[in-house]
Enquirer: 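I am attaching a structure below and will ask some questions about it afterwards.
The first residue in the sequence is number 1, and the count goes up from there. These figures come from a predicted structure and were not determined experimentally.
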Amino acid sequence: MQFKKLSLSPPQILVIGFALIIFLGALLLMLPISSATGETLPFVDALFTATSATCVTGLIVVDTGTYFSTFGQVVIILLIQVGGLGFMTVATLFSLVLKRKISLKDRLLLQEAMNQNSVEGIVRLIRKVLLYSLIIESSAALLFTIRWAFDMPFGRAFYFGIWHAVSMFNNAGFDLFGEYQSLTNYVGDPIVNFVAMFLIVSGGLGFIVLSDVFEFWKRRKLSLHSKVVLSMTSALIVVGAIVIFIFEFTNSRTLGSLGWSGKIWGTFFQSVTPRTAGANTLDIGALRQATQFFMIILMFIGASPGSTGGGIKTTTLTILVGAVISMIRGRTDLVLFRYRMAEERIFKALTITFLALFLVIAVAMVLSTTEDASFLSILFETTSAFGTVGLSMGLTGKLTVIGKIIISFTMFAGRLGLLTLAYALGPKKGKELYRHPEGKIIIG
């Protein structure tokens, strides 16, 4: 009896690959050696933590710095690194080290994982991804180590430096300071703030943009994609900082009690971190509701394509805003930096946004019936999970078992991308060989 060979599409392989890594991570985190006290972490909590780490989110049901042993913390940071770079990127690294040939199927998988339009130059891009990641994380780890050596023994500072450099660059949001305090003790510290924000922004730009920036001195030009990403990222950071500063300036529980230096650093850090980072220097629960809702919007937008972050992405927002402006001006074409966008791009942006809105709204509605919390807190948690951000108003540790499973799925969907998940569940068909006659309906 012969069995038909199982043929999986690239999206299906990515979904299964990430699921297997999460399951393996959960099993490792359940081992007594993973906890500081030697107890066994319940499976649902281990699965939640492994999902949060692999999907580089940062939502936690147990405190990373106090609950887990060094072994458990190393497992988490390895999951973060693999999840941030992508398991196919890590697999390619081993292939390159062992001098194995990268097959066409592997290149197609890398194309899907890196959200590229073709396989041309994909292996060269992976080499750059690994090199840039090593350079940025090593440099940041050194700066963190030097700074924290003034606050703790050098060995611990070195460990903290490496651990947090990897966590911040991959936009994970996990920290080892304990008591769920994140970086609140360093709200006005220039070195910690600057290095952390640089890591978050670098990881969120995407490796295509990083490659363009690193090689700008040689090419003297940027691609259209890089121009769009850099422009929108800068605009969101500046606008976010202004809005947060205005809303929180007189809040005695956040910016109100800080000096001007603390106000500026705290404002910009809270503007950067909702872009899928998860670390915070201000108490998120103490922010005004207007600020919290504004951060929900920033988390929903997220980072950029091909990065370690989630959300609908900055390019999607740019196309949507551009399409609205073009429609208002009565123009038929969407033009960005003197380039016309194909209709396919606009439809894809609309599809991604609609699916994201549907997921966030559906999950928030379900959690409203299973969790005992305010709707704003639930919406904040849901959007944080979808955008793989990791910020929380304090709901994560109070989630029911059902709530933890739902949030875990939301993080998984947010990291892989809704289109990738949709293609994995139902592979897209080829182009239609005919077109229907054009019809007209009234809109608006």
Enquirer: Hey, could you give me the OG/CD1 distance between Ser271 and Ile244, rounded to the nearest 0.5 Å?
Expert: 5.0 Å

Enquirer: Is there a side-chain contact between Gln73 and Ile77 (heavy atoms, below 4.5 Å)?
Expert: no

Enquirer: Check residues 196-210 and write down every donor-acceptor pair under 3.5 Å in which the side-chain atom is one partner and the other belongs to a residue at least two apart or another chain.
Expert:
from: Ser202; atom 1: OG; to: Phe198; atom 2: O; distance (Å): 2.7

Enquirer: Kindly compute the distance separating CD (Gln181) from CG (Asp175), expressed to the nearest 0.5 Å.
Expert: 7.5 Å

Enquirer: For the residue pair Tyr186 and Phe177, does the interplanar ring angle fall in the parallel (under 30°), tilted (30 to 60°) or perpendicular (over 60°) class?
Expert: tilted

Enquirer: Assess whether atom CZ of Phe23 is packed by more than 12 heavy atoms of other residues, nucleotides or ligands within 6.0 Å.
Expert: no

Enquirer: Only pairs under 3.5 Å count here: list side-chain donor-acceptor contacts from residues 325-332, not counting sequence neighbours, and write none if there are none.
Expert:
from: Ser326; atom 1: OG; to: Gly322; atom 2: O; distance (Å): 2.9
from: Ser326; atom 1: OG; to: Asp333; atom 2: O; distance (Å): 3.4

Enquirer: Any non-hydrogen side-chain atom of Tyr180 less than 4.5 Å from a side-chain atom of Ile60?
Expert: yes

Enquirer: Quick check: closest heavy atoms across Ser368 and Phe375, and the distance to 0.1 Å?
Expert: OG-CD1, 3.4 Å

Enquirer: Evaluate the side-chain contact (heavy atoms from CB on, under 4.5 Å) criterion for residues Leu359 and Leu355: first the C-alpha distance (whole Å), next the side-chain angles of each, then the deciding distance (0.1 Å), finally the verdict.
Expert: CA-CA 6 Å; Leu359 176 66; Leu355 290 175; over 6 Å; no

Enquirer: Under 3.5 Å, is there a donor-acceptor pair between the Thr396 and Glu381 side chains?
Expert: yes

Enquirer: Could you tell me the separation between the CG atom of Leu367 and the OG1 atom of Thr382, rounded to the nearest 0.5 Å?
Expert: 4.5 Å

Enquirer: Count the heavy atoms of every other residue, nucleotide or ligand shown that sit under 6.0 Å from CZ of Phe409, and state whether that count exceeds 12.
Expert: no

Enquirer: Of the non-hydrogen atoms in Phe169 and Ser133, which two are nearest, and what is the gap between them?
Expert: CE2-OG, 3.5 Å

Enquirer: Just by distance, no angles: are the side chains of Thr314 and Ser304 close enough, under 3.5 Å, to form a donor-acceptor pair?
Expert: yes

Enquirer: Decide yes or no for Leu130 and Leu134: does some side-chain heavy atom of the first lie under 4.5 Å from some side-chain heavy atom of the second?
Expert: no

Enquirer: Can you name the closest pair of heavy atoms from Val75 and Gly25 and give their distance?
Expert: CG1-O, 4.4 Å

Enquirer: What do the steps show when you test Thr315 against His225 for side-chain contact (heavy atoms from CB on, under 4.5 Å), and what is the final call?
Expert: CA-CA 8 Å; Thr315 49; His225 174 78; 3.9 Å; yes

Enquirer: Can Tyr132 and Phe214 be said to form a ring-ring contact (aromatic ring centres under 6.0 Å, His included), step by step?
Expert: CA-CA 9 Å; Tyr132 298 155; Phe214 270 86; 4.3 Å; yes

Enquirer: Hey, could you give me each pair passing side-chain hydrogen bond (donor to acceptor under 3.5 Å, both in side chains) that has a residue in residues 283-301? Not counting sequence neighbours.
Expert: Glu248-Thr291, Thr250-Arg288

Enquirer: Between Asn280 and Thr273, is any side-chain donor less than 3.5 angstrom from a side-chain acceptor?
Expert: no

Enquirer: Atom CG of Leu176 and atom CG of Asp63: how far apart are they, to the nearest 0.5 Å?
Expert: 9.0 Å

Enquirer: Could you tell me how the ring of His164 sits relative to the ring of Phe160: parallel (under 30°), tilted (30 to 60°) or perpendicular (over 60°)?
Expert: tilted

Enquirer: Which atom pair, heavy atoms only, marks the closest approach of Lys227 to Leu222?
Expert: CE-O, 3.5 Å

Enquirer: Looking at Glu343, I want to see if its CD is surrounded by more than 12 non-hydrogen atoms of other residues, nucleotides or ligands under 6.0 Å.
Expert: no

Enquirer: Where does the angle between the aromatic ring planes of Phe174 and Trp163 fall among parallel (under 30°), tilted (30 to 60°) and perpendicular (over 60°)?
Expert: perpendicular

Enquirer: Evaluate the side-chain proximity of Val192 to Arg147: yes if any heavy-atom separation is below 4.5 Å, no if none is.
Expert: yes

Enquirer: Grab the two heavy atoms, one from Phe412 and one from Val15, that are nearest each other, plus how far apart they are.
Expert: CZ-O, 3.6 Å

Enquirer: What I'd like to find out is whether the side chain of Leu399 reaches to under 4.5 Å of the side chain of Phe48, using heavy atoms alone.
Expert: yes

Enquirer: To check you understand the geometry: which heavy-atom pair defines the closest contact between Ile296 and Leu376, and what is its length?
Expert: CD1-CD1, 3.8 Å

Enquirer: Roughly how far, to the nearest 0.5 Å, is OG of Ser392 from CG of Leu59?
Expert: 6.0 Å

Enquirer: What distance do Thr49 atom OG1 and Lys404 atom NZ have between them, rounded to the nearest 0.5 Å?
Expert: 8.5 Å

Enquirer: Under 4.5 Å between any side-chain heavy atoms of Val360 and Leu379, yes or no?
Expert: yes

Enquirer: Under 3.5 Å, is there a donor on one side chain and an acceptor on the other for Ser374 and Ser377?
Expert: no

